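Numbered from 1 within each chain, the chains take letters A, B, ... in sequence-line order. Nothing here was measured: the structure is a model prediction, and the numbers come from that model.
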Amino acid sequence: MTINAECRRVRELMDSYISGELTVESNHDVLRHLERCDACRTEIARREQTRALLIGSFGDAPDATALEARIAEALDRDQPMWKRVMRYGGIAAAIALVIGTAVWFSRPVDAAAYVDSVDNHIVCALAFPPDTAYDQQRAEQSLAAPYLGIINTVAHKSGNYDLIDAHMCPYNGRDYAHLVYRSGGHTVSVFAETAARGRLPSSHEPERKGFVSTGASTGGHQVFVVAEGAAPPPQAVLDDLMSSTLAFVRRLEQ
Amino acid sequence: MARTARDQFNDEAMPHVRALLRTAARLCGTRESAEDLVQETFLQAWRSFHRFEPGSNCRAWLYKIMLFTHSRSRRDQSRRPFHVDLDAANEKALLFEPPTPDSITATSVRAAFDALPEPFRLAVLLVDVEGLTYREAADALDAPIGTVMSRLNRGRRLMRIALVEEAAAYGIDVSAHADLERKRQ
């Protein structure tokens, strides 16, 4: 069998024809040639046979059932990155919590915290004249960093209690930010200070000189609300003053 | 209920374990190391499954990971620009298109395939044995499609030349072999 130039061109394309990789036009050219060329029909049959023999020489695709199960198991064990981070992060967080708790409880106790808040209330807040009215400019001039913004955060009125003054109030070595509220003849103080002397004592005198002080602590600050023991403001007012001041100091710590 | 990434991986990737195992067996030589390679391939695929684009060709993607893993573990030359040392006679013979001899056997075809330089062998393996398209093979081999077509062309011809020579050794299709010899001179 002799082959001509067209046969040679078709044979160049033959393997891609078998692989189904020819364009539609080239495919038609090959098909048309094969219809009339015995030599190329024989050649393409042999190439197809060669390919089939090659595939056959690898045998059937091996049974992969056991391997599939092994892979599935390995994938189960191989947790996604975020889970690994969570797992090890969780351990780290637990360790940090234990250490943090130990450090927290090993801090010294600020034994005079409640006493000083009451005493300062007496010497400062109760000394404000009855007709004192809130003055924004005076408050702004009397406050200092980092408490300058406290008057924009805390309530100026809660229940019947009105804010009448806000100022920095050094007392007994402490540097309080002092908010004074008044309703008729009743006065309430809110103090915020850094927790420089240690943590709040776990128990304290319930009433001192007729006044009650309620304290709360964040990581770096402590806040006290001091009111008359006999005629305290409604609990909602106490909660309002305490929570708005805590919100401010928490923002300072962020 | 929303499908998890694992559900998608099971649907997209896991059906190809068997095909990859067959290719891996060819690459590694032993069933045990082939299984290790396929397992490693699927672990790598799972870890980077977030980078897989749904709708693209998962099989080609898996082959790419497997070939990369294999070449990395072997530290062979497949990631470097490769140079195949064809002797001058064979280089010249590649200009000639020998007819495929009659009476070939699986053993002789396999021997011809095994004798191919690795880059040609990989291209022939992926396309002619595993049935990947040229595009898929190019993706899997991380090579331009033209390069893959060239490797295929040369690999197939080299196999035919080997078959012609073997047939001639048994006194079959001696005319094709004579043509081949003339081309070599």
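Looking at A:Ala72, both its backbone and its side chain come within 4.5 Å of chain B, counting heavy atoms on both sides. Interface remark: B:Leu125 contributes side-chain atoms only to the contact with chain A (heavy atom separation under 4.5 Å). Interface residue B:Asp36: backbone and side-chain heavy atoms are both found under 4.5 Å from chain A. For chain A, no part of B:Met149 is nearby; none of its heavy atoms comes within less than 4.5 Å.
With rounding to the nearest 0.5 angstrom, the CD atom of A:Glu73 is 9.0 Å from the CD atom of B:Gln39. In this structure, CZ on A:Phe58 lies 8.0 Å from CZ on B:Arg22, to the nearest 0.5 angstrom. Note that CD of B:Glu35 is 5.0 Å distant from CG of A:Leu67, once rounded to the nearest 0.5 Å. With values rounded to the nearest 0.5 angstrom, A:Arg11 atom CZ is found 9.5 Å from B:Arg160 atom CZ. Taking CG from A:Leu75 and CE from B:Met14, the interatomic distance works out to 6.0 Å, rounded to the nearest 0.5 Å.
The residue among B:Thr105, B:Leu43, B:Leu163 with the most heavy atom pairs within less than 4.5 Å of chain A is B:Leu43. Taking chain A as the reference chain and counting heavy-atom pairs below 4.5 Å, the highest number among B:Glu130, B:Arg156, B:Arg135, B:Met159 is found for B:Arg156. Among B:Val38, B:Ile104, B:Leu20, the residue making the largest number of heavy-atom pairs under 4.5 Å with chain A is B:Ile104. Chosen from B:Val109, B:Asp128, B:Val129, the residue pairing most often with chain A at heavy-atom distances under 4.5 Å is B:Asp128. Your options are B:Phe9, B:Phe49, B:Tyr134, B:Phe113, and the one with the most heavy-atom pairs under 4.5 Å with chain A is B:Tyr134.
Here the shortest heavy-atom pairing between B:Val17 and A:Ala64 reads CG1-CB, 3.8 Å. Summarising the geometry of B:Ala106 relative to A:Ser57, their closest heavy-atom pair is O-CB, 4.3 Å, with the distance given to 0.1 Å.
Contacts from residues 13-30 of chain A to chain B, taken as heavy-atom pairs separated by less than 4.5 Å, involve A:Asp15, A:Ser16, A:Ser19, A:Glu21 in sequence order.
Between A:Asp63 and B:Arg18, no side-chain nitrogen of the basic residue sits less than 4.0 Å from a carboxylate oxygen of the acidic one, so the salt-bridge criterion is not met.
In this structure the side chain of A:Leu54 reaches within 4.5 angstrom of the side chain of B:Val124, judged on heavy atoms.
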**OP:** Decide yes or no on side-chain hydrogen bond (donor to acceptor under 3.5 Å, both in side chains) for B:Thr100 and A:Arg46, but give the supporting numbers first.
**Re:** CA-CA 6 Å; B:Thr100 310; A:Arg46 286 179 182 173; over 6 Å; no
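Heavy-atom contacts from other residues, nucleotides or ligands closer than 6.0 Å to CG of A:Asp175 number more than 12.
The side-chain contact (heavy atoms from CB on, under 4.5 Å) test applied to A:Gln136 returns A:Tyr134, A:Glu140, A:Ile151, A:Asn152, A:His156, not counting sequence neighbours.
For the pair A:Arg70 and B:Phe42, the NZ or CZ position fails the cation-pi test of under 6.0 Å to the six-membered ring centre and within 45 degrees of the ring normal.
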